[in-house]
Q: 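What follows is a single structure, and I will ask about it in a moment.
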Amino acid sequence: MNRLDHDTILAGAGESPADAWRRRDLDVVWHPCTQMREHPHQLPLLPIARGEREWLVGMDGRRYLDAVSSWWTCIHGHAEPRIAEAIARQARTLEHVILAGCTHEPAVELAERLIAIAPRQADRAPLAKVFFADNGSAGVEVALKMAFHWFRNAGETRRTRFVALEGSYHGETLGALAVGDIPLYRRVYAPLLAEALFAPSPDAFLAVDGESAEQRAHRAADALAAMLAEHGDTICALILEPLIQCAGGMRMHHPAYLQRARQLCDAHGIFLIADEIAVGFGRTGTMFACEQAGIAPDLLCLSKGLTGGSLPLAAVLTTQRIYDGFLDDSRERAFLHSHSYTGNPLGCAAALASLNIFDSDDVIARNVGTARKLAERADAFRSHPRVVDVRQTGMVVAIEMTTDADAHDGTAVEIAGNRGLRAYREAVARGVLLRPLGDVLYWFPPYCIGDDALDLLADTTRRAIDAAFGGPTCA
Ligand code: PMP
């Protein structure tokens, strides 16, 4: 008996298999990033049976374009056969092994490949070591702890703080939340969070009085310079999301900021942590966003697209210098951080398959054409009366609607406020999974998205904006 037949039997009279799954889900599953009270009536729960390239197929047979690449992970499309095959092959060989004291082929090969493609900077020692973790937030924790611990080992015990940017997001664990600046996510937990300093964001949307994106970047960098001049000797690292502050509303900045930030960190002896968890692996048009500024960080956090969106895995790349700072006879001076699934062979095999796809399909070059098609469709929104900004970096387009500050606290939180909810529902009803960030609708599609899907995306976005402002809905 297949699963759907089984469900039909379990379903109550008149209940479809999809409804049966919804009911069973809500009996037992607590969903992430969700006010569960909004299910099932305000927020439709979508039971998904399978994935296929840029599409998700519901249990009722309906197809949904995954315009958000399932939380920005699924770069090559769903159920990619080459990744699936690599995982299956690895699962039949070695599904997992403790990475403390043991090693395995996929971990070593993946570390070598990541080091080979990592961003480089002239006159700077390259990233040379890889520490594995198993999700983005864990990767951020690793980078923060490493930076702090390195200074401690070096006897610089005053350096206990981090600088992060306003509007930033680095994950939900307590360390990552402490360097995030989205009030709805962090406010409740504030008493538990380590104190961080927040520097003004270089966000080009915040430019004033005819200021260019580049001028805005320099103004923010000047503010960072002043902050570091005052507090520099108590800081261990600056953490930032290069080029796009994603969860903060797909806010984009000029690469000049990254160059200035790199110089300032060097001038103050502070590490630069680049969180490329969302933007790494081709999303911004280059393999890594840092490349567009010609800089290399001291610590580079990768996850999400690392495995092509198939399995949870994170990697933190760092320099020989940082690695050497932990070599000692004392175990306490070692980096003892560990997770049970660190360097899981299935995840590493999936990541290697994903990197092979970049080579065999020439993904970065192909994305240039796809990004152009996104730009053509995004252009039509520039004159929309409800749209205040249309921006794009590579394979990310953001369409910012006029503000709805009364409906939420003005920060970009997923499906916040009635407007976001209406836009989301309208898009889902038309077969597109489009999760607004506050007043920002964005396109973050799998790289394999086809022309028809692009047309559907643009058309649905227009209708979602209408619906957000109380216009016609198709439901
Ligand atoms: N950093 C950034 C920039 C992110 O966008 C995210 C997730 N959206 C994270 C860290 C946290 O990753 P995870 O959800 O895998 O913990």
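No hydrogens, no waters, no symmetry mates; every other heavy atom, side chains included, goes into these values. Counting starts at 1 for both ligands and their atoms, in listed order. Residue numbers start at 1 and run along the sequence shown.
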Q: By number and element, which atoms of ligand 1 are closer than 4.0 Å to a non-hydrogen atom of A278?
A: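 Going through ligand 1 atom by atom, the ones under 4.0 Å from A278 are 5 (O).
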Q: What I want to know is whether S137 and ligand 1 share at least one N or O pair that is separated by under 3.5 angstrom.
A: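 The answer is yes, given that S137 and ligand 1 share an N or O pair closer than 3.5 Å.
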Q: Which of the atoms in ligand 1, numbered in the order shown and given with their element, are less than 4.0 Å from a heavy-atom of G171?
A: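 That gives atoms 10 (C), 11 (C) of ligand 1.
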Q: Any donor and acceptor pair, going by atom type alone, linking the side chain of R216 with main-chain N or O of S201 inside 3.5 Å?
A: yes
Q: Out of all atoms in ligand 1, which are within 4.0 Å of some heavy atom of N135? Include the element for each.
A: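 So the atoms of ligand 1 that pass are 15 (O), 16 (O).
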Q: Pairs of nitrogen or oxygen atoms closer than 3.5 Å, one from D275 and one from ligand 1: do any exist?
A: yes
Q: Stepwise, does the ring-ring contact (aromatic ring centres under 6.0 Å, His included) test hold for Y257 with H218?
A: CA-CA 6 Å; Y257 184 81; H218 281 291; 9.1 Å; no
Q: Do H339 and H337 have ring centres separated by under 6.0 Å?
A: yes
Q: Would you please indicate if the ring centroids of F271 and W150 are separated by under 6.0 Å?
A: yes
Q: Which one holds for W72 and ligand 1: side chain close, backbone close, both close, or neither close, with close meaning a heavy atom under 4.0 Å?
A: side chain
Q: Measure from atom 9 (C) of ligand 1 to every heavy atom in E172, E241, H170, Q245 and give the option owning the shortest one.
A: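 Nearest heavy atom to atom 9 (C) of ligand 1 lies in H170.
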Q: Please could you name the atoms of ligand 1 that K304 approaches to less than 4.0 Å, counting only its heavy atoms?
A: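 Per the distance check, 4 (C), 5 (O), 6 (C), 7 (C), 8 (N).
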Q: Is there a nitrogen or oxygen of C246 sitting under 3.5 Å from a nitrogen or oxygen of ligand 1?
A: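 In fact, backbone or side chain, C246 has no N or O that close.
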Q: What about F131 and Y323, are their ring centers closer than 6.0 Å?
A: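 Ring centres of Y323 and F131 not closer than 6.0 Å.
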Q: Is it true that E141 and K145 have a side-chain N and a carboxylate O under 4.0 angstrom from each other?
A: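 Salt bridge absent between E141 and K145.
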Q: Could you check whether R159 makes a cation-pi contact with F148, meaning its NZ or CZ is under 6.0 Å from the centre of the six-membered ring and within 45° of the ring axis?
A: no
Q: Looking at atom 12 (O) of ligand 1, what's its closest protein heavy atom, distance included?
A: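 The closest one turns out to be G136 CA, 3.3 Å.
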